[in-house]
Every structure is written in C-alpha cells, then in structure tokens.
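The figures that follow rest on heavy atoms only: side chains count, while hydrogens, waters and symmetry mates do not. Within every chain, numbering begins at 1; the chains are lettered A, B, ... in the order of the sequence lines, protein sequences first and strands thereafter.
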Amino acid sequence: MIENKSFTLQELATQFSLELRGEPQTKVVHLATLKNATADALSFFANPAYLNDLNVTQAGIVILQAKDLETYHGACLISADPYLAYAKIAKLFTCVQSGKPLIHPRAIVAPDTDIHATASIGAGTVVEAGVSIGADCRIGANVTLCQGVQIGQRVIIHPGVVIGADGFGLAFDQDHWIKVPQLGSVRIGDDCEIGANSTIDRGALEDTVLEVDVRLDNLVQVAHNVHIGAHTAIAGCVGIAGSTRIGSYCMIAGASGIGGHIEIADKVTITAMSMVTQSIKEAGHYGSGVEAQPHTEWRRNLARLRRLDKTIRKLRG
Amino acid sequence: MIENKSFTLQELATQFSLELRGEPQTKVVHLATLKNATADALSFFANPAYLNDLNVTQAGIVILQAKDLETYHGACLISADPYLAYAKIAKLFTCVQSGKPLIHPRAIVAPDTDIHATASIGAGTVVEAGVSIGADCRIGANVTLCQGVQIGQRVIIHPGVVIGADGFGLAFDQDHWIKVPQLGSVRIGDDCEIGANSTIDRGALEDTVLEVDVRLDNLVQVAHNVHIGAHTAIAGCVGIAGSTRIGSYCMIAGASGIGGHIEIADKVTITAMSMVTQSIKEAGHYGSGVEAQPHTEWRRNLARLRRLDKTIRKLRG
Amino acid sequence: MIENKSFTLQELATQFSLELRGEPQTKVVHLATLKNATADALSFFANPAYLNDLNVTQAGIVILQAKDLETYHGACLISADPYLAYAKIAKLFTCVQSGKPLIHPRAIVAPDTDIHATASIGAGTVVEAGVSIGADCRIGANVTLCQGVQIGQRVIIHPGVVIGADGFGLAFDQDHWIKVPQLGSVRIGDDCEIGANSTIDRGALEDTVLEVDVRLDNLVQVAHNVHIGAHTAIAGCVGIAGSTRIGSYCMIAGASGIGGHIEIADKVTITAMSMVTQSIKEAGHYGSGVEAQPHTEWRRNLARLRRLDKTIRKLRG
C-alpha cells in the first residue's frame, strides 16, 4: 500500500447505499479477517463457520446481514450479501500502480499485433503474431498467447497461462498417429479471468470460445472447440475435453472432468471431483465425487463395490 | 492463411487414392465443420453425433464412409476412415511460415547444446546445458528444457512445458525430509508431441523415457523413471507416478491417475478419471470413473457406498 | 559429472556410520539401479518389488537391511533405512556447478527486491517488486514470483512455478461476477521444495503459508489462504481449495482434492485420487480412490452404484 486510505462508517454507508449501525465517524484504514482485525480494520461476516471469530472480533466495522445484528453488537454495515458488499468496498483499498510502463520491456511482443493502449503485459510474456488484446486487459508474467488469439476487454490473465496451443487432434494411421492440423483460434470475451498455468487450446476448424465474464481458476484445461457460456465459473484443476459446449451461469467445482462432444445446459452446478460424460439438459446440481473415509473402512467398501453387480444378483436370488 | 489454396474433387481423389462421387471439378479453398461449411469448403463426417449437421451441410465436398452415401447426396470423397483422410488432406491447407528465424532471438539457449539446424525454438524458451534437439523439432514459447535432456526428431513441444525438472525423490530422516539427488535425464523419442504446461521429470538414476510417437495432451504429469512405450496417447490432466512402465499403443483418457512402480501392458485403454495402482497384464479396456448424476440421488447412493460393507453383511444375515 | 569421484566401502561405512560386509577396499565411482549397476557402482535395495534385481545385480556395493544379508552375498552397507542412507550418500556424487553467475542474466528481477547473495535464479524467471528470497535458494527457469512473495532459506522452486497470483475470489452481483481484491501474499518456509508448474495463490486478506520443509510435487494447486504445516509432502496433481489448513507431517498422494475451509490434523495420510471435503480431526490414513477394473465389469458395478439407494431399499423389503 503506497498511501493509507481512510473511510468512515458513514462514508461507506452512503457510497454503497447500505444501512449502518454504530458511531458514524468510526474510521477504518485497512481490511482484515474477523480473527485478525484491529480497531481500524473493516471486516465481514458471510460464512457461519466463522461465527466464533465474529464473537471475538476487534474489527472497527463489520459488514453483516440484518439477522446477525443481535449476535454482534459493534459498528456495522448491513447488507443482504455481505461478501458482495465487501468485494465492492475492498476495491477502495487497493492501490493503483501508476507511472509504470504498461508493456514490460522484457515482454516479447510480435510486431503485427493489436494491443490496446490501456492493456498491460508482464515480463517474459510472449504475444505472437495476429493476437489482439482489448482495453484495460491485465496480462501477467510468462504468459503465452499463440498466433491469432483474440482477447476482449478487461480480461485478466494470470502468469504461466497458455492460450492457443494446438488442440490434441490425432488420427490413427495403421500403426502410428498423424497430427490433425489445428486451424482455428481462441476468442476470450470481455471480463474473463484465467488462472495461473491454465491452458486453452485453439480450435481444430473453428474457434475455442469463452463468452463474457467466464472465470477460470488455476491449472484448468480447456480443449479445442470448447464453448463456455457467459458468467460460468470453473474452479482449479478442472479438465474439459474437446468440442464440448457449456452453458451460461454454470459452476464447476474443483478437479472435475467434463467429457468431449457433450452439451451442458445453463445454470448447471457440478460438485467437486465429478465426471460428466453425457449431456446435461436441465439446470441443477450434479455430482459423483466420493468423500474420503478412514482407509480400512474404505478398502472394505471398495472391495464390495468392485463386485457389486454379482453381489446384488446373488442377494436377489 | 497467406494465400488461398484451391483443390478440385478430382485432384484430391487422385492424390489420396480415394473414390469420389459428384462433379470432379468441384472446387474447395478451405476447411470447415459440416455445420459452418460453405460451398467452397471441404468437410468430413466421422462421428454419428453430427448426423443432423450432415443432413443440412452446405459443404462443397464431404469426406465420408461408403455406408453414408445413401444419407448424403452431394459431392464426396469416400474413405473407410474419414477422419484420417481429412487429417492427411488438411495438411495441404496449412500454410508454411518461411523466412522466420528458427531460433527466436529471445529464446535463451546455453552455449553447450546440440540443436539441429532445422529445429525451431520459441521466444522465452530456456534450453539448458547439454540438451540435444533433433531435426525438424518445433519447440514453442516459454518452454524449459533442463540440463542434458535429449529430444528426438520431429518432436513438437507446446508452450509452458517443463522437461527435466528434478523428480519428487525424498527420504524421511527422523523428523524431516532430505532430498534424493535426481541424476538421470529425460529422453524423448522421434515424433512425440507434448501438450502445453505438461511436465516430465528427470530420472533418479536412469532416464525417464518416452519412446517414439508418444502423444501427451496438456497438463500431463510424468514422474521420474517412467517409461512410456511407442505410439501411446495420453489425454489432458493425467498423472503418472514414478518408475511406472506403460506399454505401446496404450490410450489413457483424461484426468486418470496411474500409480507408481507398476507395469501396464501394450494396447491397454484406460477410460476417463480412472485410477490404476496395480499392474495390468492384458490388453483391453479398464476403468473406474464414476459418471455424475443429479446431486440428491448421488448423495443418497454415496451414503450407501460409504457403509456398503456393513449393509451387505447385514443383508446376508 | 565433471570429475569421477571414487569412494571405498570402508570410507562410506565410516563417513555414514554404517556397518559393512565384504572387501573394505571395494571401490565405487557412480550410482545405479540394481538392474543396471556395474561393478564400480553403488546401489540400494529398499523395495521388495525389486528382489529379482537384487538376485542378479552386478553392483559393487549394495545398501540393504540386515535381514537381507542372507539373500544377497556381495559387498554391502547395512542400514535400517537403505533409501535414506542412499539419499545421504548420493549427495557425494552430485557435482557442484561453480563459477556460474547465480542470477542468470536473462532473469527479470525488479529493482526493489531482497535476494540473498547465495540464491540462484534461472533464465526467464520473473521476480516482481517486494519479493524476498533467502540464502541458498535455487529458483529454476521461467518461474514467476509475484509482488511481495516471501521465500525462506534453502527453498527449491522448479521451472514454471507461479507463486502469488491472485486467488480465485469472486462475488456474484445479480447477473455477473465481481472480483474480490486479493490483498495478502505468500510465505514459503525454509527447506520447502515446489515442483514444476505448480501454483500457489496469494491470500485474500492474510497470507497463504507453507511452513518449513513442505514438499510439493509438480502441477499442485494451492489456493488462497491455505496453510500447510511443516514437513507435509504433497504428490503431483493435487488441488487444495481456499482457506484450508493442513497439519504437519501429512502426506497427500497424487491427484487428490482437498476442499475449502476445512482443517486436517497432523500426521494424516490421504491415499491417491481421494476427495476430502470435511475436516479430519485424527491422524491416520483416509481415502476414497476407486481402483480400475476391466471396463465391462466396472460398467456393471457402476450401473448398480448409480441406483444403490433404491436397490438396498428394495432388498430390505
């Protein structure tokens, strides 16, 4: 933080149209968790798992729901969605680094690219020919944007990401593989965010597409020809196989795998470590992740699972 | 595409020894999917899931099997394996970029390396001492080839790959870990392809080996001392633990995990998200991936699974 | 190896306080596996799976347990933990590269960093402002250390690692996501090792922390606010979701997934491809990985699993 910013309870309530309780001149200068907050910190209570922390917090101001007003007696801002209110307020406290060159002198940018004057590009990042990057994008260090990739506006790409590598296209010719040319590209919509070391392959014939506001966590794999609808969020270590179409407003939890050539409807939620290999036509929650249990119990259950069909046939007589 | 190439139905049939049907002078200038093809495009029909697209395609020429001749009535090339025929023909349409320097001036190549004059190396790629790279290799941007790694001919390495980092070798010494020196290297055979951000560790004592024509998708982890047989293909997000030996002509689907110190025979196929921790001695298909279902159903089934052994004991009386 | 080092059985026994058997002047000049060892090589026998190799080894010296003295009749060093003894001895054989500059001239290091004079940094690696790196660290090529990350002493970071990218923090605002500022940093303790292309995100408010001697394999994802206790080892392709606290001396096998906002006690072992989404309060082994079986058998068992609840209800009448 270059300078300490300071806001009063009244100022925050007014600016974000929130109700307040407590001394309107209560002042906060930084953000903190409930547990570690001091009297000059703003914090929030959004997850009941942290109720113990709320009970003992020293925070100057807490953002919470109206229903928690009886539990907590300090100065607070009241919001139906405290995490969202926090997210908005937190931006006030993040410092803007000005005066830095936007394209790091050690980025490696091909001459025939179209990079908006407000986009920033990190050191070691490679931008190949024909790439376009929209306004206010933030491209981290050591990223690779392969030939012809198109990036919308306000897109954030974290370090180590590779966009536009060849898709995994192979045809088997008697006794060996031959590579299928990957002639499409990748289009990333406005307001997308791509986590560190994630990979998005170029399409075989058409483009791999992320619509607007798609959010990928780290180490996510998006294969060729995949189409991801607007506002879909995908957690870390998820893999999506080729030519699959995922709807809008979907949420895919960590380490799940989505098979190829299927369609997933809008507003589908996939729980963690699930495998989806057939199309899902209706919104809702789906899953197949298996929760761990003590190893000896699990070994016994697994042994039963591995002969479940036979066992059930026998039990039925 | 720098120049538009153009081929007639007759020319393609002759060059690739395929039968044709329709006007021999039908001309195509680019490639497209059935769905988006225009009259000057070549397309192919290889997956019955796209039958609806075949019925309405505007493609000038379609590559298909003889059995589909009754379904489709336009100009076509007939092949027992349309995808393979397409893969071969598609190469005609990919433009060769000539005149570019093969080693990007911003690649970082140690002096004592052995790089064939026809190999290309991308920007930001680091080639450490003692590395050898064979003829016609294409190494992408931001790759790391650690000390002494040997790469055969015609190998394609996509951006962000790391080959030859230390294997995960640790010995436990009373109350802490000590690192086991990783003294082997990595040898990659001719015609291999390694997907973006994949990692292949150096051997502990001997080399980690990929035989010829091994194909790895993105974000694949190959641990130390692993040996992968010729023509084996491994999809995205697969992890292979140390000292395991995988046969030739195997196929491992996405997000599977292969345990350490085992052997997998030739021509084994592992389905998606499966776990293999014991040797597989016979060719065939193996799997353990669990297909997702609606969350409430799955929760009930999972609760049963977690006490399956007890339940079956009771049912048996 | 720049020079051949040479050690006698007697010298090794004395230096590492091990008992010996055989001709004390037996000389070894390199290290090898049992299978490939020649008469001038040192090898070790630690895994009974390699008994056949022990029976035919040509190794000059084998490190083994006292109980194996009757099986093997050649010169040997006797240790209760042959792998540990090997790990210590092997360091004698690894050559030190001196005379090289520690910070590669093509590393990209911001001016306002605090890098100990004995730390080495690879080519293409980006060290952003405010980063500190302790004594004797070895940072590989193409690594990204984002703003303010703190690295202890003797830490090894392999190529392609990203430390300190933004955590995956999003709040949903009616019809779109808004990004939650990620204001914490990452602290990596002494003697940690981070495998190639792994990612460790910065905390949202506080720091993501790895205590001392934490060992991560390749392609591991550590989300924001995670705290990993000392001496914990995590194998390849594991993902750990946000705000989770993992104890000391834990071991997490490959491709497991650890959910967010939970606590895992000290000395917990998680077997491969397991999913942990609830806190684990007691030391021990836990798991949920499903071992592959022939595909047709598995399909039948899986079909039963997917209607297990109904089937058991029926069977119970």
Do you know which of Y286(C), W298(C), F168(C) has the most heavy-atom pairs with chain A at a distance under 4.5 angstrom? F168(C)
Non-hydrogen contacts under 4.5 angstrom with chain A: give the residues of residues 233-244 of chain C involved, or none if there are none. G239(C), S243(C)
With a 4.5 angstrom heavy-atom cut-off, which part of L219(A) approaches chain C: side chain, backbone, both or neither? side chain
What I want to check is whether the side chains of Q293(C) and N301(C) have a donor and an acceptor closer together than 3.5 Å. yes
Chain A-proximal positions within residues 259-271 of chain C [heavy-atom distance under 4.5 Å]: H261(C), T271(C)
Side chain, backbone, both or neither: which part of Q278(C) has a non-hydrogen atom closer than 4.5 Å to chain A? both
Heavy-atom distance under 4.5 Å to chain A: side chain of A292(C), backbone, both or neither? backbone
When the 4.5 angstrom heavy-atom criterion is applied to D191(A) and chain C, the contacting part is neither
Within residues 307-316 of chain C, which residues come under 4.5 Å of chain A, heavy atom to heavy atom? L308(C), T311(C), L315(C)
Does Q153(A) have more than 12 heavy atoms from other residues, nucleotides or ligands lying within 6.0 Å of its CD? yes
I'd like to verify something: which residue of V212(A), T296(A), N218(A) has the highest number of heavy-atom pairs under 4.5 Å with chain C? N218(A)
The interface call for L31(A) against chain C, heavy-atom contacts under 4.5 Å, is both
What option among A165(C), P181(C), G160(C) has the most heavy-atom pairs under 4.5 Å with chain A? P181(C)
Interchain contact, A223(C) with chain A, by part (heavy-atom threshold 4.5 Å): neither
Heavy-atom proximity to chain C below 4.5 Å, by part of L216(A): backbone
Can you pull out the residues in residues 171-178 of chain C with any heavy atom less than 4.5 Å from chain A? A171(C), F172(C), D173(C), D175(C), H176(C), W177(C), I178(C)
Under 4.5 Å to a heavy atom of chain C? For N47(A) that would be side chain
